[in-house]
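A, B, ... follow the sequence lines: proteins, then strands. Residue 1 opens every chain.
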Amino acid sequence: MPRNTLNRQLNMVQDEILILGSMVEQATRAAVGTLKSRDLREAKLVFEQDQIINEKRFAIENAILILMATQQPMARDLRTLAALLEVNTELERMGDYAKGIAKVTLRMGNAEVNLPMVEINQMAELAVGMLHRALGAFIEENANLAVAIPKEDDRIDELFNTAYSKILHEMVANPSTIDNVNLALWVIHNLERMADRVSNICERTVFIATGELFEMDGMDEEDLDV
Amino acid sequence: MNQPSKYAIETRGLNIFYGDFQAVKDISLQFERNRITAIIGPSGCGKSTVLRAFNRMNDFVPSAHATGEVLYHDQNINHPSVDAVQLRRLIGMVFQKPNPFPKSIYDNIAWGAKMNGFRGNTDDLVEETLRQAALWDEVKDNLKRSALALSGGQQQRLCIARALAVRPEIILMDEPCSALDPIATLKIEDLMRELSQNYTIIIVTHNMQQAARASDYTAFFTMDTDRSGIMVEYNETSLIFTKPKDQRTEDYITGRFG
């Protein structure tokens, strides 16, 4: 079957996207872990290693542009490359969220802060799980799997709301720690946004399979009921 | 002619004239081994003239003469001591229009090889080269069939097989797909990629999309104000088609010139 070069290079880019995705998953887990452990060295590492994610994003973008320029992709191939470009950007931004969470740990240092860790951990696990499955569906171009994933975002929104009220209560109860407790709002915000970006990946999967572009869960950050 | 050289072929200050007219001017180019290099550019920029200089096909044009060097295994092939027939065995050529002999598929391959002194098992040679040219599966059941009964794309792959049968090092291709439909074209491009593991391929093409798809390196030629061909830019294909350095290259590949 013709187009071996295009197929081979496309597969290489897809592999790189999967690697970038696993780097983001790992960074998110590690960053959230440092909120509890207050391992500041680890937090600094996560913070600094976002640079590697950024560099990988640019390398992937360059590879996609070269593929577009040299291989003249059409129809599904073109949609796949356009979607890869989009997903690449989403992953890089998710990496920034992980970096932001690591920065919160660095800011808090060893200060005693009462954080809603149960909700934060659950949000992180759910978001990372969604991301993992969304990337699998994306690479397999499985639209049926992809449409189911954004629905899980409801659970993340619930956890966000619970964590949000807990943080507010803590601010009222212990005003002296308000500076640090306030930082927890960043954390839950980042995790909530991460799940939203997973939905964007799922939208691109449907786009590859059907050519249709639409918003899946209809919930942007600004729609959030807080 | 067998000592190793860094490049498959190299030109230094190559000028080619047809009578008084200078067709190409001062071409210095190095062709990497086991890579596909494309030469692109508008009509009349001398790309085919340069390609034909690599196995002295310009010898057949009485008014043509060259100055400068074409180095192959560190030897200038224009030197009188070089046997042009032997040279063309090592540097084979595939032309624009498929030109199989009006003989059977089998004989198309066996003939040239025998004339070049092949002494081995001809059946094996025919099978091996047809496999290398990705044609074996389509023709193996009737090798005695006339080559002229094949489709254009199959004929071109047969011509590639015929070129391979004399064990060349370099394959020159002059617009090898311009007479073929798009699918046959893509098959030849995949074949080129396969062959580049064992051969150096230099292709001249009008079709810059083909150069983009199929080659590792691209040389862009254009016509100078005095109408001689000059080389503007030579680089990795991925760079030529995404970040060309010269405005003339940019204008050509974006379709704003020519």
Side-chain angles (χ1 to χ4, degrees), chain A residues 1-20 51-93 139 141 204 207-209 211, chain B residues 35-38 40 133-135 137-138 151-154 156-157 176-177 180-197 201 203 205 207-218 220 233 235-245 249-250 252-255:
Chain A
M1 179 149 89
R3 308 243 61 181
N4 288 337
T5 303
L6 172 61
N7 292 340
R8 192 175 52 241
Q9 292 182 0
L10 202 53
N11 288 341
M12 270 163 55
V13 172
Q14 287 173 325
D15 286 349
E16 291 300 303
I17 283 285
L18 285 178
I19 293 169
L20 184 63
Q51 187 59 29
I52 301 173
I53 290 177
N54 294 347
E55 281 163 13
K56 189 160 196 71
R57 176 261 184 120
F58 286 133
I60 291 174
E61 185 170 336
N62 196 39
I64 293 171
L65 289 181
I66 287 171
L67 244 175
M68 285 178 161
T70 59
Q71 295 301 316
Q72 300 106 38
M74 292 296 159
R76 195 183 185 104
D77 293 330
L78 182 61
R79 295 202 300 276
T80 303
L81 279 168
L84 281 163
L85 211 46
E86 187 79 15
V87 169
N88 189 36
T89 310
E90 297 290 354
L91 290 173
E92 188 274 328
R93 292 305 303 274
I139 298 298
E141 301 178 4
R204 299 295 145 172
F207 171 65
I208 294 174
Chain B
R35 292 287 180 274
I36 302 170
T37 302
I40 61 169
L135 188 58
D137 288 338
E138 293 163 53
S151 73
Q154 289 172 324
Q156 195 61 307
R157 277 179 282 148
C177 300
L180 305 183
D181 68 64
I183 299 300
T185 297
L186 293 172
K187 280 187 188 165
I188 298 277
E189 290 172 10
D190 277 349
L191 172 59
M192 287 163 60
R193 180 53 59 200
E194 286 294 312
L195 293 175
S196 69
Q197 291 174 25
I201 296 175
I203 176 173
T205 176
N207 178 345
M208 68 183 140
Q209 281 77 25
Q210 174 165 61
R213 283 192 301 266
S215 69
D216 301 300
Y217 295 90
T218 297
F220 170 60
E233 190 168 347
N235 213 332
E236 287 172 35
T237 298
S238 59
L239 291 172
I240 289 281
F241 287 94
T242 54
K243 284 177 276 186
K245 291 197 178 91
T249 315
E250 173 114 19
Y252 183 74
I253 64 170
T254 57

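For the set Lys187(B), Met208(B), Arg193(B), the entry with the most heavy-atom pairs within less than 4.5 Å of chain A is Arg193(B).
Here the closest heavy-atom approach between residue Ala69(A) and residue Ala212(B) is recorded as O-CB, 4.0 Å. Here the shortest heavy-atom pairing between Ile66(A) and Ser238(B) reads CG2-CB, 3.5 Å.
For Gln209(B) (side chain) and Gln72(A) (main-chain N/O), no donor-acceptor pair under 3.5 Å exists by modelled atom type. For the pair Asp190(B) (side chain) and Asn4(A) (backbone), a donor-acceptor distance under 3.5 Å is present.
Residue Leu186(B) holds its CG atom at 9.5 Å from CG of Leu6(A), rounded to the nearest 0.5 Å. Taking NZ of Lys243(B) as the reference point, atom CG of Leu65(A) lies at 9.0 Å (rounded to 0.5 Å). To the nearest 0.5 angstrom, Met192(B) atom CE is 9.5 Å from Thr5(A) atom OG1.
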